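Everything below concerns the one structure shown next.
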Amino acid sequence: MSEAPNPPGRPGNDTLARLAELIESRRGGDPDRSYVARLFSKAPDGILKKIGEEATETVMAAKDGARERIVAETADLWFHCLVMLAHYDLRPADVLAELERREGLSGLDEKASRAAR
Ligand SMILES: N=c1c2ncn([C@@H]3O[C@H](COP(=O)(O)OP(=O)(O)OP(=O)(O)O)[C@@H](O)[C@H]3O)c2ncn1[C@@H]1O[C@H](COP(=O)(O)O)[C@@H](O)[C@H]1O
């Protein structure tokens, strides 16, 4: 994976990594001063509940074809997933590595190989 910073105006892996570090820094923080610390204090159920809510809101925005809401709700969903990953000592890099591992592997071929197992 490239270590180069994101090109200006092109947020990417750096953004996820930076946000993950910020989330990590909130562990054990004051729930009255930090939303992330509040989520950690309710982990895992409080985080998982938010992921369910944000996933539903993302689906509803997409059904409406509301592009701005799709972006906003997907950002909420990704953010809460990052908090969940941190709770389980995982990082965005772990998920990105899995996506990279799948690059070039057709989802249909992968599914067919499962049936053959
Ligand atoms: N990216 C986010 C981010 N995205 C969404 N949210 C919060 O996630 C919540 C989304 O919940 P909802 O939309 O359901 O709104 P709500 O009804 O107010 O939420 P609930 O009361 O139901 O929990 C809101 O409170 C948002 O403010 C976020 N909160 C924090 N961050 C990042 O996390 C960093 C640390 O935040 P603090 O820990 O609060 O300092 C921030 O600097 C940001 O970079």
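Positions are given from 1 along the sequence. Model, not experiment: these values are computed from the prediction. Read the numbers this way: they start at 1 and go in the same order the structure lists the ligands and their atoms.
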Ala20 versus Pro92, closest heavy-atom pair with distance: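 In this case the closest contact between Ala20 and Pro92 is CB-CD, 3.5 Å.
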Atom of Ile51, atom of Leu77 and distance for their closest heavy-atom approach: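 It is O-CD1, 3.7 Å.
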Contact residues of ligand 1, where a non-hydrogen atom lies under 4.0 Å away: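 If the criterion is a heavy atom under 4.0 Å, then ligand 1 touches Leu19, Leu22, Arg26, Ser34, Tyr35, Val36, Lys50, Glu54, Asp76, Phe79, His80.
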Listed once per pair and sorted, the ring-ring contact (aromatic ring centres under 6.0 Å, His included) pairs that draw on residues 51-71, sequence neighbours left out: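 Qualifying pairs, neighbours excluded: none.
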Pairs touching residues 24-52 that satisfy ring-ring contact (aromatic ring centres under 6.0 Å, His included), sequence neighbours left out: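 Residue pairs with at least one partner in residues 24-52: Tyr35-His80.
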Set of side-chain hydrogen bond (donor to acceptor under 3.5 Å, both in side chains) partners for Arg67, sequence neighbours left out: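 Partners of Arg67 by the side-chain hydrogen bond (donor to acceptor under 3.5 Å, both in side chains) criterion come out as none, since no residue qualifies.
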Check: Arg91 main-chain N/O paired with Asp94 side-chain donor or acceptor under 3.5 Å: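 Here the side-chain-to-backbone pair exists.
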